[in-house]
Amino acid sequence: MENNHLERKARIFNVQKYNMYDGPGVRTLIFFQGCPLRCKWCANPEGLEKRYRVMFKSNNCIDCNRCKDVCPVEIHGVSINNTHTIDRTKQCIGCRKCEQECNQEALKIVGEDKGISELLKVIEEDRTFYEMSGGGVTLGGGEVLMQPEAAINLLMACKNVGLNTAIETCGYTTLDVIEKAADYVDLFLFDIKQIDSDKHFHWTGVRNERILENLKYLLENKYNVEVRVPLIKGVNTESIDIENLIKFLLPYKDFKNLKGVDLLPYHKMGVNKYEQLGMDYEMKGEFQLTNDELDQIENLIKKYDLHARVIRH
């Protein structure tokens, strides 16, 4: 690989080491910013847009106004009650002056541009753990394939130094991007959020024909795929939803490259981020399944000789 490839930039919003859930073994998970879907239950809303985002913890703020004094685009302000305000109509430029000036950890700027070589260095720090556990690196998000050039360059760099690679993807991209990435991916963690396209559109903002076609391509061309299904009560857990999921996957049940179906229970771990971003969390009500309901769905899928498991964190 030429060195200029290693200096390409990726917009990243988090790096998580010692991950045990997103691929085999111990892994480093790189979160790419930007996503084409708008899932109403998204646990990482800070990764939805590729632009810089300002996260504000109002309970930490002491209204000192130091952030207001240093912000070059005047995002920070003061209300008539002398409390801190954020003008969400203005675009953060990522200078991080406000974050650096805040002694109360009330502010966090989301989004950093990292070179491929810089990311590779961070990933390789834990090579011993990968070798001991059969782990490696997983690229996620947001949606990693929203930044295809950076993602593919990082995957290539990882493969060049002998690292196991995986990507976690919603699958909503063009086939040519899937084809280019696939040669450098050991495992696709591929989301199926809803089989019915109308329902998929209602809950995520996009239709799913492209997603399912990309999944078929990967399975039929013998790329390793682990299907992931977020289980959200009333969204995709009715009998017809599970039956249609099984019907879609049945033609591939004997494919050795279909590594299983991971069932991911709904959780609220990301809810507090919405307030920090000035966003509304639309999932009002109870969307969690009981353990018995989760077991029933898992056992139903297993009856068709599809390997399924509930992932309980």
Side-chain angles (χ1 to χ4, degrees), residues 1 5-19 21-23 27-39 41-55 92 94 96 108-126 135-159 163-191 193 204-206 210-211 214 218 225-226 228 230 264 269-270 273 277:
M1 182 185 299
H5 285 80
L6 294 176
E7 298 313 314
R8 299 278 171 81
K9 298 285 186 179
R11 178 68 57 86
I12 303 299
F13 70 93
N14 194 14
V15 175
Q16 183 184 93
K17 292 195 168 200
Y18 315 119
N19 177 285
Y21 298 101
D22 298 286
R27 311 191 72 81
T28 296
L29 179 55
I30 310 294
F31 292 81
F32 279 62
Q33 203 158 335
C35 184
L37 273 59
R38 290 296 180 267
C39 302
W41 60 86
C42 181
N44 293 315
E46 73 274 34
L48 290 175
E49 299 183 32
K50 195 177 176 183
R51 64 186 177 93
Y52 296 108
R53 307 290 301 279
V54 180
M55 297 186 77
C92 175
R96 286 184 163 74
K108 179 182 178 181
I109 305 304
V110 178
E112 291 187 80
D113 291 331
K114 300 281 191 181
I116 301 304
S117 57
E118 183 181 0
L119 288 170
L120 184 61
K121 183 178 179 181
V122 172
I123 293 166
E124 285 204 272
E125 289 172 354
D126 296 307
V137 60
T138 299
L139 310 186
E143 170 51 54
V144 58
L145 297 180
M146 279 277 285
Q147 299 183 55
E149 186 174 330
I152 292 169
N153 280 315
L154 181 54
L155 290 166
M156 290 170 61
C158 289
K159 295 309 296 178
L163 293 175
N164 178 273
T165 60
I167 68 169
E168 200 282 327
T169 179
C170 71
Y172 191 82
T173 188
T174 58
L175 181 58
D176 69 299
V177 168
I178 290 286
E179 290 173 333
K180 289 174 183 176
D183 288 337
Y184 309 102
V185 177
D186 293 307
L187 178 65
F188 284 86
L189 305 168
F190 200 107
D191 292 350
K193 303 174 192 295
T204 72
V206 304
R210 179 187 297 184
I211 293 170
N214 286 336
L218 291 173
V225 176
E226 197 168 275
R228 292 184 144 191
L264 313 178
M269 287 188 285
K273 298 178 184 178
L277 290 161

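Numbering of residues begins at 1 and proceeds along the displayed sequence. Since the structure is predicted, the reported quantities are computational estimates derived from the model, not experimental observations.
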Here's a test for you: under salt bridge (Lys or Arg N to Asp or Glu O under 4.0 Å), which of Lys9, Arg96, Arg11 qualifies with Asp113?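 Of the listed options, the one satisfying the test is Arg11.
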Give the minimum heavy-atom separation between [X] and [Y], together with the two atoms involved.
X      : Y      : answer
Leu139 : Ala151 : CD1-O, 3.9 Å
Ala181 : Leu145 : CB-CD2, 4.3 Å
Cys158 : Val137 : SG-CG1, 3.7 Å
Val206 : Pro36  : CG1-O, 3.6 Å
Ala157 : Ile116 : CB-CG2, 4.1 Å
Val225 : Leu218 : CG2-CB, 3.8 Å

Between [atom1] of [X] and [atom2] of [Y], what distance do you get to the nearest 0.5 Å?
X      : Y      : atom1 : atom2 : result
Leu119 : Phe32  : CG    : CZ    : 6.5 Å
Thr165 : Asp186 : OG1   : CG    : 4.0 Å
Cys170 : Leu189 : SG    : CG    : 13.0 Å
Phe31  : Glu143 : CZ    : CD    : 13.0 Å
Phe13  : Asn44  : CZ    : CG    : 4.5 Å
Lys50  : Met146 : NZ    : CE    : 7.5 Å

If we only count heavy atoms from C-beta on, is the [X] to [Y] side-chain gap below 4.5 Å?
X      : Y      : result
Phe188 : Asn214 : no
Lys193 : Leu37  : yes
Ile123 : Leu154 : yes
Glu112 : Val15  : no
Ile167 : Leu155 : yes
Glu168 : Asp191 : yes
Thr173 : Pro148 : no

Donor-acceptor under 3.5 Å ([X] side chain, [Y] main chain):
X      : Y     : answer
Thr138 : Gly23 : no
Gln33  : Leu48 : no
Lys273 : Ala43 : yes

State whether the number of non-hydrogen atoms from other residues, nucleotides or ligands found under 6.0 Å of Lys159 atom NZ is greater than 12.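 More than 12 heavy atoms, drawn from other residues, nucleotides or ligands, come within 6.0 Å of this atom.
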Taking only Lys NZ, Arg NE, NH1 and NH2, and the carboxylate oxygens of Asp or Glu, determine whether Glu46 and Arg53 approach each other closer than 4.0 Å.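 A salt bridge is absent here (no side-chain N lies under 4.0 Å from a carboxylate O).
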Between Lys17 and Glu125, does any NZ, NE, NH1 or NH2 come within less than 4.0 Å of an OD or OE carboxylate oxygen?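 Salt bridge: yes.
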Can you name the residues that form a salt bridge (charged side-chain N to carboxylate O under 4.0 Å, His left out) with Arg27, not counting sequence neighbours? none
